[in-house]
Amino acid sequence: MGPGEVLSYIGAAGDIAIKAGDVLLGGLYNKDKIVEFKGDINLVTEMDRRAEELIKNHLSDRFPDIAMLAEEGGESGDFSGRRWIVDPLDGTTSYAHGLPHFSVSIALEEDGEVIAGVVYNPCADECFSAVRGGGASLNGQKINVSGTSILKRSLLATGFPYDRATSKDNNVDNFNAFILKAQGIRRMGSAALDLCYTAAGRFDGYWEMKLSPWDSAAGSVILEEAGGRISDFSGGPYSIYGKELLVSNRLIHDEMITVLNGN
Ligand code: IPD
Ligand code: CA
Ligand code: CA
């Protein structure tokens, strides 16, 4: 697919993400949200499903040849190398509590590589997007990672897996190590926005474990196109299907790897 074509695809996906985001925003302060539990603490609201339905209908009408992997409905369509990877509501826990920080995330994958992504935050009316090789933008303005060069002056983001109470591999040790070494840490509750905020220089670095492909697909290309570095916890290649995510403005990446490896 040529760059112009990808740009038009992701432009259309951005319009659809904004539509879905506006529907979610409309239900944010509804006190009677219907909440179901997928596990002990992993929940889903009727709005996750409604937003996903809207995205799926619009994308399949407009792009009938592109398959889809979406959080709530799984795989759909005939896969021929390209697919949309969709998180209709990233930040469901915040959303269910009426906390205005969540996003809609749509990525386009071709032959196993994420080639474009869009993440929309309806609460701030901020739309982050990128096409691989074409830079990253926020509401049409180019964005770049920060220039903070040491961990001590860095504001970091992280998150904790849903199995944190039952698994020892729960990120608490990493959090304890970073909280003593960084300027500060935020747990905002939307991995897609954590990636985009790092891309926009609001965070200097972000790490998380046990994410799903739809959490990081769109944000990962936005981060890379904004000049950031992405890897696993050892500095090896990152995969949206892998279990470790480390991103930074590049400058503090090695320091973060050292902390994650217990030195
Ligand atoms: C979650 C958010 C959160 C992260 C969790 C994700 P969801 O996605 O991205 O920040 O810490 O691991 O599962 O469930 O709200 O779509
Ligand atoms: Ca998610
Ligand atoms: Ca979700």
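Side-chain atoms are counted along with the backbone in the values below, which use heavy atoms only and exclude waters and symmetry mates. Both ligands and their constituent atoms are indexed starting at 1 by order of listing.
Within a 6.0 Å radius of NZ in Lys210, other residues, nucleotides and ligands contribute more than 12 heavy atoms. Atom CZ of Arg50 is surrounded by 12 or fewer heavy atoms from other residues, nucleotides or ligands within 6.0 Å.
Atoms of ligand 1 lying under 4.0 Å from any heavy atom of Tyr162, numbered from 1 in the order shown and given with element: 1 (C), 7 (P), 13 (O), 14 (O), 15 (O). Close approach of ligand 1 to Thr92 (heavy-atom distance below 4.0 Å) involves ligand atoms 15 (O). Near Asp87, meaning under 4.0 Å from one of its heavy atoms, ligand 1 places the atoms 16 (O). Of all atoms in ligand 1, numbered sequentially from 1 with element shown, those under 4.0 Å from a heavy atom of Ser190 are 9 (O), 10 (O). Under a 4.0 Å criterion applied to the non-hydrogen atoms of Ala191, ligand 1 contributes the atoms 2 (C), 9 (O), 10 (O). If you number the atoms of ligand 1 from 1 as listed, the ones under 4.0 Å from a heavy atom of Leu211 come out as 12 (O). Per-residue contacts place Asp90 under 4.0 angstrom from the following atoms of ligand 1 (heavy atoms of the residue considered): 1 (C), 2 (C), 7 (P), 8 (O), 9 (O), 15 (O), 16 (O). Of all atoms in ligand 1, listed by their number and element, those nearer than 4.0 Å to a heavy atom of Glu71 are 16 (O).
Between Tyr95 and Phe102, the angle of the ring planes goes over 60°, which puts this pair in the perpendicular group of the 30/60° scheme.
Looking from atom 6 (C) of ligand 1 to the surrounding protein, the closest heavy atom is Asp215 OD1, 3.9 Å. Among protein heavy atoms, atom 10 (O) of ligand 1 sits closest to Gly189 C, 2.9 Å. The protein non-hydrogen atom at the shortest distance from atom 12 (O) of ligand 1 is Glu208 OE2, 3.1 Å.
Considering backbone and side-chain atoms together, Pro161 places no N or O closer than 3.5 Å to any N or O of ligand 1. At under 3.5 Å, not a single nitrogen or oxygen of Gly159, backbone or side chain, sits near a nitrogen or oxygen of ligand 1.
Ionic pairing of Lys38 and Glu72 is present here: one or more N-O contacts between side-chain nitrogen and carboxylate oxygen are shorter than 4.0 angstrom. Using a 4.0 Å cut-off between charged nitrogen and carboxylate oxygen, Arg229 and Asp254 count as a salt-bridge pair.
Using a 3.5 Å distance cut-off with no hydrogens or angles, the side chains of Asp204 and Ser146 do pair a donor with an acceptor. In this structure, a donor-acceptor pair under 3.5 Å is absent between the side chains of Ser248 and Tyr206. Side-chain contact, Asn176 with Asp173: no donor N or O sits under 3.5 Å from an acceptor N or O.
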side-chain contact (heavy atoms from CB on, under 4.5 Å) evaluation trace for Arg62 with Tyr9: CA-CA 9 Å; Arg62 177 87 198 260; Tyr9 280 41; over 6 Å; no
ring-ring contact (aromatic ring centres under 6.0 Å, His included) assessment of Tyr120 paired with Phe128: CA-CA 6 Å; Tyr120 181 58; Phe128 298 87; 9.4 Å; no
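Summary: OD2 is the N/O/S atom of Asp87 found nearest to the Ca ion (ligand 2). If you look at Asp90 and ask which of its N, O or S atoms sits nearest the Ca ion (ligand 2), the answer is OD1. Closest approach between the Ca ion (ligand 2) and any N/O/S atom of Asp215 involves OD1.
Residue contact check for ligand 1: Met188 places no non-hydrogen atom closer than 4.0 Å to it. A heavy-atom separation below 4.0 Å is not found between Asp48 and ligand 1.
Across Asp215, Asn121, Asp90, a single residue satisfies side chain to side chain donor-acceptor pair (under 3.5 Å) together with Ser190, and that is Asp90.
The nearest N, O or S atom of Glu71 is not closer to the Ca ion (ligand 2) than 3.0 Å. The Ca ion (ligand 3) lies under 3.0 Å from an N, O or S atom belonging to Leu89.
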